[in-house]
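Structure first, then comments.
In what follows, every heavy atom counts, from backbone to side chain, and hydrogens, waters and symmetry copies are set aside.
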Amino acid sequence: MRILLVEDDNRVAEALTGSLRRNGYEVWRAASAADALSAPAVDLILLDLGLPDRDGIEVCRELRGRGSVPVIAVTARGGEPDRVRGLRSGADDYVVKPFSAAELLARIEAVLRRSMPRRAAEDRLVTIDGLEIDLPRRTVTLDGQPVPLTRKEFDLLAVLVRADGAAVPRDRIIVEVWHTTYDGMSRTLDVHMANLRAKLGRAGGVVRTVRGVGYRLTTADGASPEATSGTAEASPSSHLGRPASASSPTAADS
């Protein structure tokens, strides 16, 4: 389970990171609003509202507008008006400093339990022009035959699937797949996309280039892919990173 910790105080961040990792969480640290908004996909966000470059309430609203990842506001602003603003901006919970590690862990567990129905909706089976893309099992078939993708190639396809036909900016793809904002990754992205299209064979055209923006997933007539939730319903605990069953081909490491 991956957590994005948005905290500009190094001392506080180190203490929280240590506690979270001891309890089995992977932690990605961001020290500013800019870092938080360019961070890779995670399962939950701990958001300090007192950031050096932007008001945390605005950041919370933007994060909420991007998707359904749960957000817990972590702040010294303990007044009732502040708590109301935080919750109305999209935070799923509001924790006031100082707090104990036990309280924060309990709140994280509670928020993750409440968010499971939202998360399950993202674990789905998508069909498009003969392709069947199973996000939870990380498998792809074309006309019933398995398509052997590397891990990175599957991750690229998954990013486009989750966008529901919308164009995904190049920098966002790079952050979500390679977990970096390094400018030199643009050529790497293009090479992997070319390889992905080639492996998809006659269906490679569903991956469209959006000039000046990035990529999107469409059918031959420009429509969005059709999704069903049957796979997710079969296993409430399924998520994108779950290992495939023994009978299903998987995306290999690149």
Side-chain angles (χ1 to χ4, degrees), residues 38 40-42 65-69 118-181 185-235 238-245 247-254:
S38 63
V42 293
R66 293 184 175 189
S68 60
V69 176
R118 291 187 315 205
R119 292 164 54 77
E122 296 178 356
D123 289 342
R124 55 191 177 172
L125 182 69
V126 172
T127 57
I128 174 173
D129 288 355
L131 281 175
E132 187 174 273
I133 306 165
D134 191 326
L135 293 186
R137 291 189 171 89
R138 295 182 65 86
T139 62
V140 179
T141 60
L142 176 61
D143 300 328
Q145 297 301 310
V147 179
L149 301 181
T150 67
R151 183 177 298 276
K152 293 300 185 188
E153 289 163 356
F154 185 89
D155 289 346
L156 287 172
L157 191 58
V159 169
L160 300 183
V161 167
R162 292 194 211 98
D164 290 320
V168 185
R170 297 173 64 88
D171 56 355
R172 176 180 156 191
I173 296 174
I174 290 170
V175 165
E176 293 200 18
V177 175
W178 283 277
H179 299 179
T180 182
T181 58
M185 293 299 297
S186 186
R187 175 60 179 163
T188 299
L189 169 60
D190 291 336
V191 169
H192 277 72
M193 278 297 189
N195 291 340
L196 172 61
R197 283 169 166 155
K199 289 185 177 182
L200 295 180
R202 66 166 184 79
V206 303
V207 178
R208 304 284 182 89
T209 300
V210 181
R211 191 177 300 276
V213 180
Y215 296 90
R216 66 189 294 250
L217 195 67
T218 65
T219 60
D221 60 3
S224 298
E226 177 183 351
T228 61
S229 58
T231 302
E233 293 171 358
S235 175
S238 64
H239 57 87
L240 184 59
R242 189 191 72 182
S245 64
S247 60
S248 302
T250 62
D253 289 323
S254 60

Find the distance between CG (D155) and CG (L149) and round it off to the nearest 0.5 Å. 10.0 Å
Is there side-chain contact between M193 and I173, with heavy atoms separated by less than 4.5 Å? yes
With a 4.5 Å limit on heavy-atom distance, are the side chains of R151 and R138 in contact? yes
Quick check: do D134 and T141 have side-chain heavy atoms less than 4.5 Å from each other? no
As a test of understanding, state which of V177, L217, I174 forms a side-chain contact (heavy atoms from CB on, under 4.5 Å) with V159. V177
Out of curiosity, K152 NZ to L157 CG, how far, rounded to the nearest 0.5 Å? 14.5 Å
How far does CD1 of I133 sit from CG of L160, to the nearest 0.5 angstrom? 8.5 Å
Looking at CG of L156 and CH2 of W178, how far apart are the two atoms once the value is rounded to the nearest 0.5 Å? 4.5 Å
Listed partners of D143 passing side-chain contact (heavy atoms from CB on, under 4.5 Å), at least two apart: R202
All side-chain contact (heavy atoms from CB on, under 4.5 Å) counterparts of R197, not counting sequence neighbours: V207, T209, Y215
Return yes if some donor-acceptor pair links the side-chain N/O of R216 with the main-chain N/O of A166 below 3.5 Å, else return no. no
What is the distance from atom OG1 of T218 to atom CD1 of I128, rounded to the nearest 0.5 Å? 6.0 Å
Heavy-atom pair of closest approach, residues G214 and R170: CA-CG, 3.6 Å
Applying side-chain contact (heavy atoms from CB on, under 4.5 Å), can you list everything that pairs with A41, at least two apart in sequence or on another chain? E176
Any heavy-atom pair between the side chains of L200 and L142 that's under 4.5 Å? no
